[in-house]
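The basis for the numbers below is simple: all heavy atoms, side chains too, and nothing from hydrogens, waters or symmetry mates.
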Amino acid sequence: ARQAGLSNERSNELQSTASTRSQLYQIKRVEALSKAKGVLQELDIVVSINGKLVRTLEDFDAQFTNPTLEIVVLRDSQEHTLQVETTESKQEVGKVVCWAGALFHAPHKTVLQQSTTVPSGVYCADVVLSSYSYENGMVEGHWVTHVNDVATPDIDSFERAVNACQDNEYVRVKIISSKAKPNVLTIKMCYHYWPTRTLVKDQESAEGWRYI
């Protein structure tokens, strides 16, 4: 930490208040769409939260009970005091669209934690082997931005766009890969083998989901 610019005063403070060996924590990635995005940065070293020095993972528990945190980070050899709003952790996926042999839904928390950008609100979660989606290049991790030149910024607009597709039609799908590379796929509709269906979360259903 001293090589990163931690002052001798701060280092001594950490050592004097620690009953066991202290360690500092560095930010590896900031969750996309979180309120911390654009405030915290990758490689920031967290020094304190709400005035308390961070020495163990338990010191991060303040995020669960405070709407805003005052976080001191070490960045570019300088300490910066930041006001960071916390983001409620909740189940984002309430609708899944099954289309052309692939499953699409809004990006869930794990995806947001692993992504630096979110090019669309439509994420391909799975593709059935031998389906037309699979044979024409759709893979898990693709983001869908357009269907037949209709923008699909969220799962509802995607659902409307794919429901407008006709059987045996060749559909143009604009995607962004997990490596942020754009592409256009052409996928043939075959409703006999790969019908379009929508699953929604339903607490009253025995399985917790139902088709609409």
Side-chain angles (χ1 to χ4, degrees), residues 1-95 104-125 140-145 151-158 175-182 201:
R2 288 187 178 182
Q3 293 178 343
L6 187 69
S7 67
N8 291 333
E9 180 182 357
R10 185 68 84 177
S11 179
N12 292 334
E13 185 180 2
L14 284 166
Q15 293 177 11
S16 64
T17 57
S19 58
T20 59
R21 179 179 175 84
S22 297
Q23 55 183 338
L24 293 178
Y25 294 87
Q26 188 175 60
I27 296 174
K28 182 179 180 180
R29 181 170 292 146
V30 182
E31 181 181 320
L33 302 186
S34 71
K35 296 177 181 178
K37 188 74 172 179
V39 182
L40 298 174
Q41 297 180 10
E42 294 180 11
L43 304 182
D44 281 351
I45 295 176
V46 181
V47 178
S48 69
I49 297 178
N50 287 351
K52 180 181 179 181
L53 294 174
V54 173
R55 299 185 299 272
T56 67
L57 286 174
E58 286 74 15
D59 293 326
F60 288 92
D61 288 350
Q63 66 182 303
F64 302 121
T65 55
N66 293 275
T68 304
L69 302 175
E70 182 180 271
I71 302 180
V72 176
V73 300
L74 186 63
R75 179 190 302 168
D76 299 327
S77 301
Q78 298 289 329
E79 287 191 5
H80 299 265
T81 301
L82 309 173
Q83 299 296 321
V84 182
E85 291 186 68
T86 55
T87 303
E88 182 181 0
S89 179
K90 59 182 180 178
Q91 174 60 265
E92 300 95 342
V93 178
K95 176 185 288 188
F104 302 87
H105 56 62
H108 50 283
K109 192 171 187 63
T110 302
V111 171
L112 295 175
Q113 289 175 336
Q114 295 175 349
S115 304
T116 55
T117 60
V118 179
S120 170
V122 182
Y123 179 79
C124 180
E140 178 183 346
H142 279 174
W143 306 83
V144 178
T145 63
T152 56
D154 53 47
I155 194 64
D156 291 333
S157 59
F158 175 79
I175 61 96
I176 304 292
S177 74
S178 58
K179 297 183 179 180
K181 293 184 178 180
K201 210 162 184 57

Starting from the C-alpha separation in whole Å, work towards a yes-or-no answer on side-chain contact (heavy atoms from CB on, under 4.5 Å) for D156 and K95.
CA-CA 9 Å; D156 291 333; K95 176 185 288 188; 2.6 Å; yes
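Ring geometry for Y25 against F60 counts as perpendicular: the plane angle is over 60°, on a 0 to 90° scale with 30° as the lower cut. By the 30° and 60° cut-offs, the orientation of the rings of Y123 relative to H108 is perpendicular.
Looking at S48, its side chain never comes within 3.5 Å of a backbone N or O of V54 through a donor-acceptor pair. Proximity of a side-chain donor or acceptor of D76 to a complementary backbone N or O of Q78 within less than 3.5 Å is not detected. A donor-acceptor pair is defined here as one N or O able to donate and one able to accept, closer than 3.5 Å; no such pair exists between the side chain of S115 and the backbone of A32. With hydrogens and angles disregarded, a donor-acceptor distance shorter than 3.5 Å links the side chain of K37 to the backbone of T116.
Between P119 and T145, the closest heavy-atom pair is O-CG2, 4.0 Å. Between K201 and V93 the shortest heavy-atom distance is CD-O, 3.9 Å. The shortest heavy-atom contact between L69 and A62 is CD2-O, 3.7 Å. I155 and H105 make their closest contact through CD1-CA, 3.7 Å (heavy atoms, listed as atom of the first residue, atom of the second, distance).
Contact check for R29 versus Q113: no side-chain heavy atoms found under the 4.5 Å cut-off. Between R75 and L82 the shortest side-chain heavy-atom distance falls below 4.5 Å. Looking at heavy atoms from C-beta onward, Q83 lies in side-chain contact with E70 at the 4.5 angstrom threshold. No side-chain heavy atom of I49 sits less than 4.5 Å from a side-chain heavy atom of D59. Using a 4.5 Å heavy-atom cutoff, the side chains of L53 and V47 are in contact. With a 4.5 Å cut-off on side-chain heavy atoms, F64 and T86 do not count as touching. Two residues are said to be in side-chain contact when any heavy atoms from C-beta on lie closer than 4.5 Å; S120 and F158 fail this criterion. A 4.5 Å side-chain heavy-atom check between V30 and Q41 finds every atom pair outside the cut-off.
Of the inter-residue distances, the one linking S178 atom OG with W143 atom CH2 reads 10.0 Å to the nearest 0.5 angstrom. The CD1 atom of I27 sits 4.0 Å away from the CG atom of L40 when rounded to the nearest 0.5 Å. Taking CD from E79 and CD1 from I45, the interatomic distance works out to 10.5 Å, rounded to the nearest 0.5 Å.
With N50 as the partner, the side chain to side chain contact (heavy atoms under 4.5 Å, CB included) test is satisfied by one option alone out of T68, V72, N66: N66.
By the side chain to side chain contact (heavy atoms under 4.5 Å, CB included) test, A106 is found to be paired with no residue, residues two or more places apart in sequence or in another chain being considered.
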